[in-house]
Protein chains: 2
Amino acid sequence: MGDGRTTATTHEERHTGAGRARLHEAALRLFAEHGVSGTSLQMIADALGVTKAAVYWHYRTKDEIVLGVLTPVVEDLTGVVGAARARRGPRARTEALITGLVDVVVRSRMVYVVLAGDPFIGELLGKDERLRAVVEEMTDLIAGPGHDEAQRVSALMFLAGLVGPLNHPACAAIADDDLRRHLVDGGRRLLLTRAAAKG
Amino acid sequence: MGDGRTTATTHEERHTGAGRARLHEAALRLFAEHGVSGTSLQMIADALGVTKAAVYWHYRTKDEIVLGVLTPVVEDLTGVVGAARARRGPRARTEALITGLVDVVVRSRMVYVVLAGDPFIGELLGKDERLRAVVEEMTDLIAGPGHDEAQRVSALMFLAGLVGPLNHPACAAIADDDLRRHLVDGGRRLLLTRAAAKG
DNA sequence: GTCTATAATGCGATAGAC
DNA sequence: GTCTATCGCATTATAGAC
């Protein structure tokens, strides 16, 4: 410390810089709007007002940028899955997963849109073990073996359905508390009520 | 007829050829798996066992390929929206839209995954009027003005949620009739039941 | 209807100066 | 931490032979 460098960063310390937060912010907005494959490093660099090479100082590959953006939410989701698994009984586990998952996705908003909605993530699942694990465990908890066909369909509807309100402009103005409540209500109706008899 | 040409096609008749169906099939599978932006014309050509130039004989741009794949479903959805609008009362309209929409998406399966789930479509909405119109009218019917905040969130959950079961491998084996029933049940629980009191 | 060949551009990624 | 400059490659798209 005390030398001429304003931001001392070794190769391993890059992830602690403040520039990383701005990069995540810009990349995330572009990923959610155009998709990961539809977002070039040039677009990210332009949004930050820098060049591609500057972006590459923070991350060595595009995959690492995507993982860097997703990692905080992936860790939150790992906690939610663990807490839900600690409950006894499938209904209690489902209830815990609904409220925990909604809490995470509303806090992060656009991150879940990328995580659950972007086709590029499917390719990343084969490369990153933690990502693959949390997605698989989350799905298994409410749609895995032990649940019947109808419940599995409802569960997949819920997991994918969260993306709808999150990235729709009509819901951008909804306060976090209200959005959370509506999403939890929707999840309970989908997953914790019996199907009505056909009319 | 009777001359040496095996497939007589003028510039305007291209869309009636049998090769178009194979192209749609191959492109659709790739779009649903890798996303539109993640699918190159080379990948489509490889899947067909031909070269890129052969693909360009059918369509002049990638956008036209996407629109060509989506158009049959867009037309089906236009019919569903019209039929739903003919009903009187918001509940009847919602019910008609649920059953009609589910019918269309189960018949087409992967097309709706691209239409409702791919970020690239957002860019196409600004270029194709029929596409923009049907998406807007469909959303307005169950999530437009006249519905409260909770209902709008549920509606967007439903529209986005359909993608989940449709592209998940665990649901590929479900028979069309069963999948239709489960999706309609889920839609009714989301959109036609009151929210349960918080426990 | 499909091919080879090519134009023009953009992509992810690297090297090295400051 | 950011820059300029560049490499090698893939991309969309076109021209013209068969």
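Proteins come first, then strands; the chains are lettered A, B, ... in the order of their sequence lines, and each starts at number 1.
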Legend entry - Lys/Arg-Asp/Glu bridge criterion (N-O < 4.0 Å) met for A:Arg132, A:Glu136: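 Salt bridge between A:Arg132 and A:Glu136, a charged N being under 4.0 Å from a carboxylate O: yes.
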Legend entry - Residues A:Arg87 and A:Glu95 bridged, charged N to O under 4.0 Å: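 The answer is no: the pair does not qualify as a salt bridge.
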[X] side-chain proximity, nearest of [options]:
X       : options               : answer
A:Tyr56 : C:dG1, D:dT12, C:dG12 : C:dG12
B:Gln42 : D:dT2, C:dA5, D:dT11  : D:dT11
B:Leu41 : C:dT14, D:dG1, D:dT12 : D:dT12
B:Ala54 : C:dG12, C:dT2, D:dC3  : C:dT2
B:Val50 : D:dC3, C:dG12, C:dC3  : C:dC3
B:His58 : D:dT12, C:dT2, D:dC3  : C:dT2
A:Thr61 : C:dA13, D:dT12, C:dT2 : C:dA13

Inset, instruction - By nearest nucleotide on DNA chain C, pick out whichever of B:Lys52 and B:Gly19 is the more 5' one. - result: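 Whichever sits nearer the 5' end wins; that is B:Gly19.
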Inset, instruction - With DNA chain C as reference, determine whether B:Ala53 or A:Ser37 sits nearer its 5' end, using the nearest nucleotide of each. - result: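 Checking each residue's closest nucleotide, the 5'-ward one belongs to B:Ala53.
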Round to the nearest Å and state the distance from [X] atom [atom1] to [N] atom [atom2].
X       : N      : atom1 : atom2 : result
B:Trp57 : D:dA13 : CH2   : C1'   : 17 Å
A:Arg60 : D:dG1  : CZ    : C1'   : 16 Å
A:Ile65 : C:dC11 : CD1   : C1'   : 13 Å
A:Leu48 : D:dC3  : CG    : C1'   : 15 Å
A:Glu64 : C:dG12 : CD    : P     : 14 Å
B:Asp63 : D:dA13 : CG    : C1'   : 13 Å
B:Ile44 : C:dT2  : CD1   : C1'   : 17 Å
A:Lys62 : D:dA10 : NZ    : C1'   : 13 Å

Inset, instruction - Would you classify A:Ser40 as touching base, sugar-phosphate or nothing, given that sugar-phosphate means primed atoms plus P, OP1 and OP2, and contacts are heavy atoms under 4.0 Å? - result: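 If one applies the 4.0 Å heavy-atom cut-off, A:Ser40 turns out to touch the sugar-phosphate alone, with no base involved.
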Inset, instruction - Apply the side-chain hydrogen bond (donor to acceptor under 3.5 Å, both in side chains) test between A:Asp176 and each candidate in A:Arg181, A:Arg109, A:Arg107; give the one that qualifies. - result: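 The option that passes is A:Arg109.
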Legend entry - B:Lys52 side chain to B:Met43 backbone, donor-acceptor under 3.5 Å: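 Not a single qualifying donor-acceptor pair exists.
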Inset, instruction - Determine whether the side chains of A:Thr99 and A:Arg180 contain a donor N or O and an acceptor N or O closer than 3.5 Å. - result: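 The answer is no; no qualifying pair exists.
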